[in-house]
Each structure stands twice: as structure tokens, then as C-alpha cells.
Amino acid sequence: MTTSHEHFMAAQQYIPGGVNSPVRAFKGVGGDPVFIARAAGAYLYDTEGKRYIDYVGSWGPMIVGHAHPQVIKAVQESATQGLSFGAPTPIETQLAKKICEFMPSIELVRMVNSGTEATMSAIRLARGYTKRDKIIKFSGCYHGHADSLLVKAGSGVLTLGLPNSPGVPASLAEHTLTLTYNDIEPVKQVFSTLGSQIAGIIVEPVAGNMNCVLPVPGFLSGLRELCDEYGSVLIFDEVMTGFRVALGGAQAYYNVKPDLTTLGKVIGGGMPVGAFGGKREIMEQIAPLGPIYQAGTLSGNPVAMAAGLATLEIIAVPGFFAELSQKTEYLVTGLLEQAKNAQIPMTGVAIGGMFGYFFTQADRVDNFDQVNACNIDYFKKFFHGMLKKGIYFAPSAFEAGFVSSAHTQADLQTTLAAAEQVLASL
Ligand code: PMP
């Protein structure tokens with residue numbers, strides 16, 4: 001049997017760093033990544049046959065668990081009809097309609113192939129619509145790897161310590177203003193001097209790329225008011241939170257309506273799908289209706305639409321999010337209790353199927369500097385201790401965790417029993 005180590009050695013001969021996305025390389029925690037053979041429900045199985053309870057869920061998409069029979073059936077049936085046509089198909093309308101129903105701020109929606117494409121296109125649209133160049137983002141938020149957005153970003157760039165990537169022209173980065181998450185005052189100040197040049201604000205309404213940070217009361221609504229006052233476009237990047245923290249996303253949870261929303265992850269059910277949508281008046285500026293160009297050979301791919309639609313049908317069943325939230329809450333409450341018993345300082349958050357835990361004395365963590373001040377050493381030891389016991393948490397202290405509907409009470413209890421032992425050993 002080939003071990004993960006052997007697979008990793010082989011991969012590094014042909015793939016930069018042996019991975020096709022940096023966080024997979026375990027750079028944030030050290031050691032070799034686990035190579036996966038298959039997954040079912042709440043479990044991953046590595047190439048050596050070891051089973052893990054999975055709290056990464058492909059970084060968010062697998063909200064109904066891996067290889068859900070309904071999703072697999074939809075994909076198989078669609079695949080037999082052909083993989084891609086480069087012409088419109090009815091299922092694109094079905095998924096678009098569902099998205100518009102579940103997120104009423106979205107009146108028109110365009111499908112793309114990834115979250116990066118969604119945010120990149122939304123930024124272009126905001127700039128084209130307002131005829132302004134500057135955008136505001138928040139440090140520790142990650143919006144994919146488009147040039148304008150790789151400025152003090154979160155996720156893998158934080159894990160690898162590369163928040164400002166070489167290759168992004170300074171002349172482009174200078175249009176991106178980066179402020180502190182959860183602090184409305186500096187946003188007000190920037191608007192008071194530069195308001196007429198600001199195309200828009202892009203924000204993760206719950207930040208999931210610097211661990212998991214909830215918005216403080218007044219932050220999201222404050223951004224909404226400023227965009228209204230200055231005619232700027234408010235973009236909620238719900239690639240992670242959309243159909244994850246609630247059926248209507250974080251905008252429903254916090255009752256703040258953005259102008260544009262970017263989506264990904266759950267809406268593809270594990271297939272490569274992203275989307276951006278919002279106010280009709282703004283979306284009508286996109287080609288072929290308007291002059292702002294955006295396109296894609298594989299956009300709206302029928303097999304990917306089938307996976308997304310099947311996933312949305314499952315999560316739309318009444319009670320789905322109540323039950324999922326209970327599971328996530330149970331997990332985080334249990335972790336905090338175990339940490340307290342082991343006298344390890346920890347705080348944590350749970351929202352819908354998304355969670356975070358922080359090794360810190362602080363009661364709450366509201367921004368990137370506070371995340372960065374947490375005890376990374378504890379994190380690494382905890383991660384590896386849990387991995388050894390068959391619990392697969394995100395291999396970075398700068399990522400959120402994910403619970404799926406496939407996680408059973410027994411899975412959660414097994415996880416907490418493992419955490420009890422690992423925390424006691426720190
Ligand atoms: N925005 C957010 C909030 C994300 O979490 C991510 C990916 N983690 C992206 C954008 C980029 O999506 P993708 O990796 O599909 O390009």
C-alpha cells in the first residue's frame with residue numbers, strides 16, 4: 001500500500017509543492033498532508049484505509065456530507081446526457097431561480113466556475129457600474145486570488161505568511177484599501193475623504209478565512225449605510241457563508257441587504273461552481289445586456305448545476321439548519337468545556353454549519369490582529385493530536401471549520417472524547 005508520504009513525494013515531482021491549492025500542503029501545521037482515496041458521509045478515508053471524521057468538508061461545499069446518494073444520482077444522470085455544450089441548458093435556470101428565491105437580494109445571477117471568478121467579476125462590475133476604481137476590503141478576509149483582492153488577504157496567504165503576493169502590480173494594489181474587520185470608524189473616515197472614488201466594499205459577512213470571526217453588532221449595517229450615502233456598491237462575499245450559516249446566507253442571518261453577493265462552495269455541492277448576483281440594475285450592466293465583459297466556456301456546466309441543485313434541495317428541507325446549528329453548537333460548546341477542564345485557554349464560535357476555536361485568554365476574537373495573537377503552538381499540537389486520533393480539522397489556525405448534516409451525535413462525541421485526551425496532553 002502506498003503511504004501518504006510516498007504519494008506526497010511523487011506529487012512534488014510534478015506539481016508545485018505537491019498540491020493544487022496551497023493550504024492542502026500542511027505548511028501551517030508541519031508534516032505531510034493526508035492523501036485521500038474516497039469519502040462518504042462525515043468521513044474521509046486516506047490511501048492507507050484510515051478513516052477520519054472530517055470537519056473540513058472540502059473547505060465548505062460538503063454541507064450534506066460526502067457522496068450524498070441524492071447528489072451522486074443527480075450527477076450520474078446528468079453526466080450520461082453529455083458533459084458540456086457551450087449553449088444554455090434548462091437546469092441553469094432552475095439553480096438560478098432557487099438562488100434568487102433563497103436570497104431575495106439577488107434579482108439576477110450569473111454562474112461561474114469558482115469563488116475567485118465570482119469575486120473578481122463582482123469587483124469589475126462594481127467598478128464598471130460606479131465608474132470608480134477604489135475598493136475597500138478588510139485584513140484577514142480572503143476573496144480568492146484575483147489581483148485586486150490579494151492585498152492583506154486571509155486563508156492560505158496567511159498560513160504561508162504571504163499576505164501581499166508578488167506578481168500583483170503596485171498600480172493595481174493601490175486601489176485596494178485594507179481596513180480592520182469589525183471597526184466601522186476607520187471606514188467612515190476613509191469614506192469622508194475618498195468617498196466619491198470608492199467603487200465598493202467587499203466583505204465576508206462572517207469571516208471564515210482568518211479562523212471564524214463573527215461581525216460585531218453595527219458593523220455590517222454600518223457598511224450598508226456608508227455605501228448608501230456615497231453611492232458605492234456593497235458586496236457580501238458569501239462564497240463560504242452562503243447556504244452555510246443559514247439558508248439565506250449571512251445576509252439573512254444578520255438582516256443586512258448587500259447590492260451584490262458572491263457565492264461558491266455549497267451551490268456546487270462539491271463541483272466547481274461559483275456565482276455572483278444582486279440588484280437587477282447593476283447586474284444588467286453585464287454582457288450581453290451591458291458593456292461590462294464576463295464569460296466562461298464551462299460556466300453553468302450542467303453536471304455541476306445538477307450537483308448544486310440536488311444539494312440546495314436537501315438543505316431547503318424545513319429544520320435542516322436548526323439541526324445543523326445544534327450539532328455545530330454542541331461541538332464547540334463541548335470543545336470549550338474540555339479546554340476549560342484541561343486548563344487550556346480557549347474561546348470559540350458556532351454559526352450554522354461553520355465554527356472556529358481559538359487558543360487565547362480573550363473572551364472573543366474580532367479581527368485579524370487578535371487572531372494572530374492566539375497560541376499557534378497549541379494549535380499545531382492540537383491539530384496533529386486530533387489527526388492521529390482520526391479527526392480531520394482544518395490544517396491551519398486561519399481557517400474556519402465545517403460541520404455537515406451527515407455528522408452524527410456519535411461522531412461529535414467521538415470527536416470530543418479525542419479532544420479531551422489531546423487537550424490534556426498539551
Ligand atoms: N471568497 C471566500 C469568502 C472564500 O472563502 C473563498 C475560498 N475559500 C473564495 C472567495 C475563493 O473561492 P475559490 O477557492 O473557489 O476560488
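Numbering starts at 1 and runs along the sequence shown. Remember, it's 1-based here, ligands and their atoms both numbered in the order they're listed.
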> Is any side-chain N of the basic residue among Asp259 and Arg224 closer than 4.0 Å to the acidic one's carboxylate O?
Replying inline: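 So Asp259 pairs with Arg224 through a salt bridge.
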>> According to salt bridge (charged side-chain N to carboxylate O under 4.0 Å, His left out), who are the partners of Lys134, at least two apart in sequence or on a separate chain?
In response: none
> Ring centres of Phe382 and Phe359 under 6.0 Å apart?
Replying inline: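 When the ring centroids of Phe382 and Phe359 are compared, they turn out to be within the sub-6.0 Å range.
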>> Students often mix this up, so state it plainly: with edges at 30° and 60°, are the rings of Phe379 and Phe383 parallel, tilted or perpendicular?
In response: parallel
> Do the rings of Phe368 and Phe398 sit parallel, tilted or perpendicular, given the 30° and 60° boundaries?
Replying inline: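 Answer is tilted, since the angle falls between 30° and 60°.
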> Near ligand 1, which residues have a heavy atom under 4.0 Å away from one of its atoms?
Replying inline: Ser114, Gly115, Thr116, Tyr142, His143, Gly144, Glu204, Asn209, Asp237, Val239, Met240, Lys265
> Where is the tightest heavy-atom contact between Ile99 and Met111, given as atom of each residue plus distance?
Replying inline: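 Looks like CD1-CE, 3.8 Å.
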